[in-house]
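Below is one structure. I have some questions about it.
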Amino acid sequence: MIKFLLIGIGILSISSSSANEIESYKTNFSSGTKLSNPVLPILNLHGSYHEMGEQYGALMKSELQLLHQKVVPDYYKWYTWTGLKSILITVYYHFKIDQREKDLLTGISLTLGLSYFQTLEVATLPIVMLLNGVINSMDSATPDLGNCSFAAVWGSQSASKSTLVARNLDLFKQVKPLDEYSLLTIFHPNNGDNKLAAFSFVDFIPGFTWVSERGIFVEYNNGQRSVAGINPLGFLNLNLNFYGLLTEPVKIIV
């Protein structure tokens with residue numbers, strides 16, 4: 001699966017006028033918006049992590065429900081080996097995430113109308129698919145490993161003088177059903193954490209690419225040309241990068 005995304009480092013201040021359609025959802029003390037366009041939906045979320053989750057669930061309700069109905073059943077049949085692996089990964093993920101991510105998922109489940117665990121199933125789909133892809137590739141003579149990469153321009157090489165990053169998200173073919181569920185989420189927490197933009201699939205909170213309000217850009221890429229082999233834990237630790245960029249000092253986990 002190949003995706004190509006061009007990100008401007010100034011994306012945290014993106015204007016709503018750049019979208020074709022704007023939806024909004026108001027919680028008790030804050031509100032969030034969804035900017036829809038033909039390229040990529042953009043969520044702007046504000047408030048506590050629970051409030052941002054409520055906004056997320058309401059604004060992405062149709063996409064989340066479609067994922068739960070169309071894709072989740074293929075991976076969560078408990079009587080299959082794939083289903084058992086998926087359930088174990090999901091339970092493990094629940095116990096390793098911090099309270100902020102749990103609050104986001106709890107808020108999503110509230111406005112989505114699904115249980116917390118059903119919401120968590122959708123949230124862990126990319127990890128479940130990726131790890132299944134890793135396992136299948138290990139048994140294959142022609143492994144499908146994906147090759148994420150990026151290119152960037154800045155300074156005098158950029159017409160706008162902004163730093164621009166072209167992100168190639170090239171994952172295992174097993175993840176292809178998620179292609180149409182990509183989005184950019186901009187978090188504006190009210191607890192003192194940094195504002196953060198994350199490129200991801202719907203409900204996969206950590207994402208694969210991040211830009212913080214401090215101008216720090218991080219993305220998860222294929223490092224096999226430098227270090228041989230596959231690091232499955234890298235997929236499970238993506239949320240640690242997300243947490244690191246929300247707070248200082250930044251600690252990146254690979």
Are V122 and V72 side-chain neighbours, meaning at least one heavy-atom pair lies under 4.5 Å?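 Counting from C-beta outward, V122 and V72 do come under 4.5 Å.
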Please tell me if the side chains of D203 and L67 come closer than 4.5 Å, counting only heavy atoms from C-beta onward.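 Not touching, per the 4.5 Å side-chain cut-off.
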CG of L105 to OH of Y116: how many Å apart, nearest 0.5 Å?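 Going from the CG atom of L105 to the OH atom of Y116 covers 5.0 Å.
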With a 6.0 Å cut-off on ring centres, are F117 and Y76 close enough?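 Not close enough - the centres of the two rings lie 6.0 Å or further apart.
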Less than 4.5 Å apart, any side-chain heavy atom of D193 and any of F187?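 No, their side chains stay 4.5 Å or more apart.
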Under 3.5 Å, is there a donor-acceptor pair between the E101 and Y93 side chains?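 Looking only at side-chain atoms, Y93 and E101 do form a donor-acceptor pair, the distance falling under 3.5 Å.
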Tell me if a side-chain donor or acceptor on S86 pairs with a main-chain N or O of Y75 at a distance below 3.5 Å.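 Side chain of S86 to backbone of Y75: a pair is present.
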Is the backbone N or O of I127 less than 3.5 Å from a side-chain atom of T124, with the two atoms forming a donor-acceptor pair by type?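 Not a single qualifying donor-acceptor pair exists.
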Gap separating the NE2 atom of H68 from the OG1 atom of T119, nearest 0.5 angstrom: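 The OG1 atom of T119 is 7.5 Å from NE2 of H68, to the nearest 0.5 Å.
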When rounded to the nearest 0.5 angstrom, what distance separates CE in M60 from CG in L66?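 Separation between the atoms: 10.5 Å.
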Do L40 and S182 come close enough that some side-chain heavy atom pair is under 4.5 Å?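 When only atoms from C-beta onward are counted, S182 and L40 do touch, with a gap below 4.5 Å.
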Distance (rounded to the nearest 0.5 Å) between N44 CG and M52 CE: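 Interatomic distance, N44 CG to M52 CE, rounded to 0.5 Å: 11.5 Å.
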Say you draw a straight line from CD of E23 to NZ of K34; how long is it, rounded to the nearest 0.5 Å?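 The distance works out to 5.0 Å.
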Measuring only between side-chain heavy atoms, which start at C-beta, is S48 closer than 4.5 Å to N191?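 No, every pair of side-chain atoms sits at 4.5 Å or beyond.
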Quick one: does I186's side chain get under 4.5 Å of K195's, heavy atoms only?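 Heavy-atom side-chain distance check fails, nothing below 4.5 Å.
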Identify, with sequence neighbours excluded, every residue that meets side chain to side chain contact (heavy atoms under 4.5 Å, CB included) alongside S24.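 Checked S24 against side chain to side chain contact (heavy atoms under 4.5 Å, CB included); matches are T33.
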Test item: N194 side-chain N/O and E213 main-chain N/O as donor-acceptor pair under 3.5 Å: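 No; zero donor-acceptor contacts below 3.5 Å.
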Please list all pairs passing the ring-ring contact (aromatic ring centres under 6.0 Å, His included) test where one or both residues lie in residues 25-50, with sequence neighbours left out.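 Sorted result for residues 25-50: H46-H188.
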Just wondering, do M129 and V71 contact through their side chains at under 4.5 Å, heavy atoms?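 Side-chain contact under 4.5 Å: yes.
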How far does CG of L35 sit from CG of L183, to the nearest 0.5 angstrom?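 It is 11.5 Å, given to the nearest 0.5 Å.
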Between T111 (side chain only) and E54 (backbone N and O only), is there a donor and an acceptor less than 3.5 Å apart?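 Indeed, once roles are kept as given, a pair shorter than 3.5 Å links the two residues.
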Side-chain heavy atoms of I97 within contact of Y243, under 4.5 Å: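 Touching, per the 4.5 Å side-chain cut-off.
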